[in-house]
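The shown structure was predicted, so the numbers you read here are calculated from the model rather than taken from an experiment. Every chain is numbered from 1 and lettered A, B, ... according to where its sequence line falls, protein lines coming before strand lines.
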Amino acid sequence: MRVSQFFLSTLKEAPAEAELVSHRLMLRAGLIRKLGSGLYTWMPLGLRVLRKVEAVVREEMNAAGAVELSMPAVQPAELWEETGRWAQFGPQMLKIKDRHERDFCFGPTHEEVITDIARRELRSYRQLPVNFFQIQTKFRDEIRPRFGVMRAREFLMKDAYSFHASVDDLQREYRNMYEAYSRVFTRLGLRFRAVAADTGAIGGTGSHEFHVLADSGEDAIAFCPESDYAANVELAEALAPSEPRPAPGAPMARHATPGVHSVDDVAAFLGLPASRIVKTLAVIAGDGRLVLLLLRGDHQLNEVKAGRKFSPEGGFRFATEAEIRARLGAGPGSIGPVGAAVPVVADRAVVAMGDFSCGANADGFHFAGLNFGRDLPLPDHVADLRNVVDGDPSPDGAGRLAIARGIEVGHVFQLRTKYSEAMSCQFLDEQGRSRPMEMGCYGIGVSRIVAAAIEQNHDARGILFPEALAPFRVAIVAIGYGKSEAVRGAAHALHDALEAAGVEVLLDDRDERPGVMFADMELVGIPHRITVGERGLKNGEMEYQPRRDGGVTALPAAGAAQWLLERLR
RNA sequence: CGGGGUGUAGCGCAGCCUGGUAGCGCGCCUGGUUUGGGACCAGGAUGUCGGAGGUUCGAAUCCUCUCACCCCGACCA
């Protein structure tokens, strides 16, 4: 391909709206252009990258035994009413009406449609298992689209849904998909981690998220460098401290702390580390009771864990200041467990604290030197209430946890029978009994992967595409193209030879100044570059330079194509 | 949805406070000189100043409404 026949549209400066590196670079390199909030055009260059991702995903899905189909992007409301998700999905679903005023949505996901297919097509255990997948555009009306294609409203996704006669078979396929996903991300050249995940609103049991590791990631992941344990921070268990509670070393004291409310304030005022302060949160449980939650000052409440502690539905909310005052006689920053006639749930780390400080249930006063058993009773309940932090022991006992940030690019779920039951998607088993199918679902954010890959692979000059993702593998920069017959001839010969060998090559025949061409090819992230110029040709040479690690190699012009083909292999 | 901000040429921005009919850099077009890391010289084109209404002799500038976009938060199969 020649630049003059293709379409390059690079920018020296990125539009002001882009703050994330990948977003800026995608805009600058001309991979995407914005149409509206969360809506992007994939420009020719970007589309080539998107197609690369798609191709790898498709190949691995096929290799793993899944079969491709394509479902409508627009779906009738009735299907969603069967599962109750028409109402449940809420405003994130783009709802539309046709000319007959019938309700439709632009599909945010396809569980309902595929389950409908399955219940019509699959009758017998003999037809199971099946795994259907598609690569398709979805729309979710995100509250706040951002970071370009990373969190867009319209996006490209690979979604797969499997149907099984037994849980065992579902689990087998789940592992199969897990492995297929690992191969996909490995082939794409990404540093990733599979983490145990919360199953969220979709329901079901087993679930793993695949995260591309990047500091800009929106999700926090806890993992153990010494083992393969990894979990979403929401889910990672914070174990009870192994050290016993220290013996009391200080007398209990009540300090006047005027205007001191936050943990940081208390720490500064009393000269204590945050880890010696108990943070007291007042919540209203599902049954209406006010309950105090105790956390170590340097820890953070995990609302998912706290929710589980209260009721099957996990319902609780933070108490209002008025409710807190009514029960405890002090405001939020001055409350504590001492003498409070309400139920108390303490985090595991709290009951291992000694000589600690907390609010005195009187505005402007805090206790210090508190010890359980001496100054106050041990709490009614002890539970895991907090997010794990860097250095916590790993739940698998293998070492200490580290926290990293990740971009979720894949998700595998065991849905079980949530949808098959709701939509009576049944099959006849060996005994002729009618049973709901066991289901799994497996998603990959195809368009998001492009952004995630750039987030993980860039430098000051632009994108460093992994080989598998690059829009072109080789750039030929022809210096003096317009003027020099020799340059033109040599560049064309090299271009044709590479193309004939099946290499995706981009010949810069724009007759621009060298700096412009170098800068563009680097911005766009083409992994290999050959420079052809009169200066080199005089000595019968061309120059090779890899995008990623710099050094220039002089090549005999005659053998350049061959040399490069060797290297690319 | 709550809080904050921005809309002026393709992109990045100034002008607005203190009203007098729009400017800079990059990009674009023409000609010339250049040609191994984002050239130089000369000439040129491009704006309903996001939209509507109002105040005023006069509005990019002041007021009201509205739309869009961005940031922070809540949300995220």
Atom pairs, N/O to N/O, protein against nucleotides 43-47 of chain B, distance under 3.5 Å?
none

Just by distance, no angles: are the side chains of [X] and [Y] close enough, under 3.5 Å, to form a donor-acceptor pair?
| X | Y | result |
| --- | --- | --- |
| A/Glu455 | A/Ser22 | yes |
| A/Gln75 | A/His110 | yes |
| A/Asp159 | A/Gln134 | yes |
| A/His411 | A/Tyr181 | no |
| A/Tyr419 | A/Arg85 | yes |

| 5′-ward residue of the pair A/Ala18/A/Gly480 relative to RNA chain B |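 On the 5' side of the pair lies A/Gly480.
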| task | Could you check A/Ala16 against A/Thr10 and say which one's nearest nucleotide on RNA chain B is further toward the 5' end? | result |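 Mapping each residue to its closest nucleotide by heavy atoms, the 5'-most match is A/Ala16.
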When you measure from the side chain of [X], which nucleotide among [options] comes out closest?
| X | options | result |
| --- | --- | --- |
| A/Glu13 | B/rC11, B/rC69, B/rG38 | B/rC11 |
| A/Lys12 | B/rG27, B/rG36, B/rA39 | B/rG27 |
| A/Thr531 | B/rG37, B/rG36, B/rU35 | B/rG36 |
| A/Ser37 | B/rC70, B/rC72, B/rG36 | B/rC70 |

| field | Under 3.5 Å on both distances, the Watson-Crick or G-U partner of B/rG7 | value |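 For B/rG7, the partner nucleotide comes out as B/rC67, under the 3.5 Å rule.
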Could you check how far [atom1] of [X] sits from [atom2] of [N], rounded to whole Å?
| X | N | atom1 | atom2 | answer |
| --- | --- | --- | --- | --- |
| A/Ile143 | B/rG3 | CD1 | C1' | 15 Å |
| A/His23 | B/rC11 | NE2 | P | 14 Å |
| A/Met517 | B/rA39 | CE | P | 11 Å |
| A/Glu19 | B/rG4 | CD | P | 19 Å |
| A/Arg513 | B/rU33 | CZ | C1' | 11 Å |
| A/Met93 | B/rC75 | CE | P | 20 Å |
| A/Arg144 | B/rG4 | CZ | C1' | 11 Å |
| A/Glu485 | B/rU35 | CD | P | 19 Å |

| Rounded C1' spacing from B/rG15 to B/rA22 in Å |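 To the nearest whole Å, 8 Å.
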| Do A/Arg529 and B/rG37 share a donor-acceptor pair, side chain to base, under 3.5 Å? |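 It does, because a donor-acceptor pair links the side chain of A/Arg529 to the base of B/rG37 below 3.5 Å.
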Sugar-phosphate only, base, or nothing, as touched by [X] at under 4.0 Å among non-hydrogen atoms:
| X | result |
| --- | --- |
| A/Gly536 | base |
| A/Arg153 | nothing |
| A/Glu112 | nothing |

| Is A/Asp215 atom CG crowded by more than 12 heavy atoms from other residues, nucleotides or ligands, each under 6.0 Å away? |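 No, the 6.0 Å shell around CG holds no more than 12 heavy atoms from other groups.
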| task | Find out whether the Lys NZ or Arg CZ of A/Lys95 is both under 6.0 angstrom from the six-membered ring centre of A/Trp80 and within 45° of the ring's axis. | result |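 Output no; distance or angle outside limits.
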| said: So, using side chain to side chain contact (heavy atoms under 4.5 Å, CB included) as the criterion, who are the partners of A/Ala64 when residues are at least two apart? | reply: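 A/Ala64 satisfies side chain to side chain contact (heavy atoms under 4.5 Å, CB included) with A/Asn176, A/Met177, A/Ala180, A/Arg183 only.
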